[in-house]
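Below you'll find the structure, written out as structure tokens, and then a few comments.
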2 protein chains.
Amino acid sequence: MFKLSKKADYGLIAVKHLAMHRDEHACSATEIAEEYGISTMLMAKVLQKLARQRIVSAKHGASGGYLLAKEPSQITALDVISAIDGPVLITSCVTNHGNCGAADKCSVREPLRRVNESILSVLSTVTISHMSEEQHEPVLVELQT
Amino acid sequence: MFKLSKKADYGLIAVKHLAMHRDEHACSATEIAEEYGISTMLMAKVLQKLARQRIVSAKHGASGGYLLAKEPSQITALDVISAIDGPVLITSCVTNHGNCGAADKCSVREPLRRVNESILSVLSTVTISHMSEEQHEPVLVELQT
DNA sequence: TCGCGGTACGACCGAATTAGTCTTATATCT
DNA sequence: AGATATAAGACTAATTCGGTCGTACCGCGA
Ligand code: SF4
Ligand code: SF4
């Protein structure tokens with residue numbers, strides 16, 4: 001339906017973990033995975049995708065691991081999610097293989113596109129540092145109805 | 001990832017179609033399905049779910065069909081989507097069968113809950129009449145970071 | 001220099017979800 | 001009565017997702 005994939009979820013956990021252990025040692029996939037009870041293999045895959053998008057940087061070799069590549073305030077939830085699951089598109093209009101058959105007649109396409117924009121803007125408003133803070137100042141997001 | 005289910009998509013199409021043919025005849029599932037090139041059976045199922053949530057009302061018998069049960073301005077996208085796919089929850093924390101194993105250690109649960117709230121608020125801000133209008137006045141949605 | 005502890009990457013499998021179909025029952029108009 | 005609808009649930013097919021494995025590569029330190 002409308003759910004974050006578990007991989008993206010794990011990605012956010014990992015990035016937040018790295019943000020918290022900033023300036024300390026580089027965290028290995030195993031370390032993070034064990035901390036939250038997630039399969040090491042899976043966490044490794046997630047971190048690899050994040051590394052490919054330059055959200056985290058990897059350090060090979062013994063006592064290696066991952067480090068945040070940017071400031072926590074410069075990493076948005078959208079960055080993490082789309083790094084792992086690809087672009088966020090709420091409709092199937094233009095997807096991987098073949099677009100929707102109803103596309104030409106469809107009358108909700110354009111309205112939904114605007115809803116999609118709004119969700120994108122929500123997701124790109126909240127950053128990792130937002131997710132670490134305690135105080136929660138409301139922010140206004142513009143929504144094109 | 002983060003996609004609307006096709007059924008929900010079809011639901012929005014159907015509701016918008018009914019909104020456009022308001023005060024005319026009741027539209028049958030077949031009529032709507034053929035208009036947009038969707039399977040009749042599937043469209044029927046979607047409309048049944050909408051009827052169960054009293055978003056549309058059904059008229060049995062020959063020359064029967066479906067009618068909008070409320071004003072288009074009183075039907076939100078969230079209404080339609082959750083009528084078809086169930087409650088909108090971006091995380092798997094509390095879902096159908098068994099919650100997430102990382103739940104106790106998880107540090108992104110609360111932030112994501114707030115993101116979820118924001119998405120809910122976006123979805124409940126846009127109504128069917130919004131989706132039919134041409135002009136698109138921006139609306140501000142409050143987002144708890 | 002060799003081995004251990006780590007990342008990189010893609011192929012792979014099984015489980016879960018989703019899309020779509022069929023069948024039977026029921027209601028209502030003509 | 002007969003035609004045309006909805007109602008509902010069981011069922012199957014298609015697709016996605018979660019998770020695993022194997023193998024290659026990298027680099028530090030004993
Ligand atoms: S075209 Fe209309 S129906 Fe097809 S995916 Fe886009 S919005 Fe949904
Ligand atoms: S608990 Fe944390 S990890 Fe588990 S689903 Fe909720 S947010 Fe995702």
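Chain naming here is simple, since letters A, B, ... match the order of the sequence lines and numbering starts at 1 in each. Note: hydrogens, waters and symmetry copies are ignored here, and every other heavy atom, side chains too, is used.
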### Closest listed nucleotide, where the reference is the side chain of B:Ser5 and the choices are C:dG5, C:dA19, C:dT23
C:dA19

### Message
Can you tell me which nucleotide in D:dG19, D:dC26, C:dT28 comes closest to the side chain of A:Lys7?
### Response
D:dG19

### Query
How do B:Ser39 and A:Gly64 order along DNA chain C: which one's closest nucleotide is nearer the 5' end?
A:Gly64

### Task
May I ask you to say whether B:Glu117 pairs ionically with B:Arg114, meaning some side-chain N is under 4.0 Å from a carboxylate O?
no

### Minimum-distance nucleotide to B:Ser28 side chain [options: D:dA5, D:dC26, C:dA19]
D:dA5

### Message
Quick check for you: among D:dC26, C:dT23, D:dT6, whose closest atom lies nearest to any side-chain atom of B:His60?
### Response
D:dT6

### Query
Would you say a side-chain N or O of B:Arg52 is under 4.0 Å from OP1 or OP2 of D:dT6?
no

### Task
Please check the phosphate of C:dA19 (OP1 and OP2 only) for any side-chain N or O of B:Tyr10 closer than 4.0 Å.
no

### Message
Count I, L, V, M, F, W, Y as connected when their side-chain heavy atoms are under 4.5 Å apart, and connections chain through other members. Are B:Ile75 and B:Met20 then in the same cluster?
### Response
yes

### Query
Tell me, do A:Tyr66 and A:Leu18 make a side-chain contact under 4.5 Å, heavy atoms counted?
yes

#### Entry: Rounded distance in Å - CG (B:Leu18) to C1' (D:dA5)
15 Å

#### Entry: Donor-acceptor pair present, B:Lys45 side chain and D:dG9 base, under 3.5 Å
yes

### Message
Would the distance check show the side chain of A:Lys16 and the main-chain N or O of A:Ser132 forming a donor-acceptor pair, the cut-off being under 3.5 Å?
### Response
no

### Task
Return the value, rounded to whole Å, for the distance between atom CE of A:Met41 and atom C1' of C:dA8.
12 Å

### Task
Could you check whether B:Ala44 gets within reach of a base, just the sugar-phosphate, or nothing at all, counting any heavy atom under 4.0 Å?
nothing

### Query
What's the CZ-P distance between B:Phe2 and D:dT16, to the nearest Å?
18 Å

### Query
Which residue lies toward the 5' end of DNA chain D, B:Ala58 or A:Gly61, if each is placed at its nearest nucleotide?
B:Ala58

### Task
Starting at atom CD1 of B:Ile32, determine the distance to atom P of D:dA5, rounded to an integer number of angstrom.
12 Å

### Query
Checking all strands, does B:Ala26 fall into the base, sugar-phosphate, or nothing category for heavy-atom contacts under 4.0 angstrom?
nothing

### Query
Considering only D:dG19, D:dA3, C:dA19, which nucleotide approaches the side chain of B:Leu42 most closely?
C:dA19

Name each donor-acceptor pair under 3.5 Å that joins a side chain in residues 28-38 of chain A to protein atoms two or more places apart or in another chain, with its distance.
| unit_1 | atom_1 | unit_2 | atom_2 | d |
| --- | --- | --- | --- | --- |
| A:Ser28 | OG | A:Glu31 | N | 3.1 |
| A:Glu31 | OE1 | A:His25 | NE2 | 3.2 |
| A:Glu31 | OE2 | A:His25 | NE2 | 3.4 |
| A:Tyr36 | OH | A:His17 | ND1 | 3.1 |

### Message
Can you tell me which nucleotide in D:dT4, D:dA7, C:dT7 comes closest to the side chain of B:Tyr66?
### Response
D:dA7

